[in-house]
Amino acid sequence: MDTLISIGELSSSTGISIRAIRYYEEIGLLIPYKTSQNNYRYYSDMEKGKLGVILILKKMGFSLREIKTRRSVGSLAGGFDEKDE
DNA sequence: CTTCTAACA
DNA sequence: TGTTAGTA
């Protein structure tokens, strides 16, 4: 099922501020599905899983910049950016 | 009511 | 990170 949720749903579901979610996208550690309408961001349950890992890493004391390169924990999110640097 | 961009504090 | 302005 491609359950796409809006940023508001994701924020209320994860407890993160919309501002933070947009910021994660800005730094490239969370990539939503841009849909046609106006540039609305829609996320799937996979993004929510990635965001969950990000929260854990942050809570552990990782900087957003470190998390961005934490593709080594791909097994956790099952879909991190296998991009280099 | 909800979302988006951009810039400022 | 919060928030404000105007908009669809």
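Keep in mind it's a predicted model, so treat the numbers as computed, not measured.
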Starting at CD1 of A/Ile5 and ending at P of B/dT3, how long is that distance when rounded to a whole Å? 11 Å
Within less than 4.0 Å of OP1 or OP2 of B/dT2, is there a side-chain N or O belonging to A/Ser6? no
Between P on C/dT1 and CD1 on A/Ile54, what's the gap in Å once rounded to a whole number? 11 Å
In 5'-to-3' order, the base (B), backbone-only (S) or no-contact (-) status of each nucleotide in nucleotides 3-8 of chain C, using a 4.0 angstrom heavy-atom cut-off, is B----B
Spacing between A/Ile21 atom CD1 and B/dT3 atom C1', to the nearest angstrom: 13 Å
Look through every strand shown and name the nucleotide pairing with C/dA8 as Watson-Crick or G-U wobble, where both distances are under 3.5 Å. B/dT2
Rounded to whole Å, how long is the line connecting atom OH of A/Tyr43 with atom P of B/dT3? 10 Å
Should A/Arg41 be listed as having a side-chain N or O under 4.0 Å from OP1 or OP2 of B/dT5? yes
Using 0.5 Å steps for rounding, measure from the OG1 atom of A/Thr3 to the CD atom of A/Glu9. 11.5 Å
Residue A/Ser17, side-chain heavy atoms: nucleotide from C/dT1, B/dT3, C/dG2 that is nearest: C/dG2
Value in whole Å for how far the P atom of B/dC4 lies from CD1 of A/Ile7: 5 Å
A/Ile67 side, atom CD1; A/Tyr24 side, atom OH - distance, nearest 0.5 Å: 7.0 Å
The reported gap from CG in A/Leu29 to CG in A/Leu51 (rounded to nearest 0.5 angstrom) is 8.5 Å
Over how many whole Å does the gap from A/Tyr23 atom OH to B/dC4 atom P extend? 18 Å
Could you state the CD-C1' distance from A/Glu26 to C/dT1, rounded to the nearest angstrom? 12 Å
What distance do A/Ile31 atom CD1 and A/Lys50 atom NZ have between them, rounded to the nearest 0.5 Å? 6.5 Å
Report the distance from atom CD1 of A/Ile18 to atom C1' of B/dT5, rounded to the nearest whole Å. 14 Å
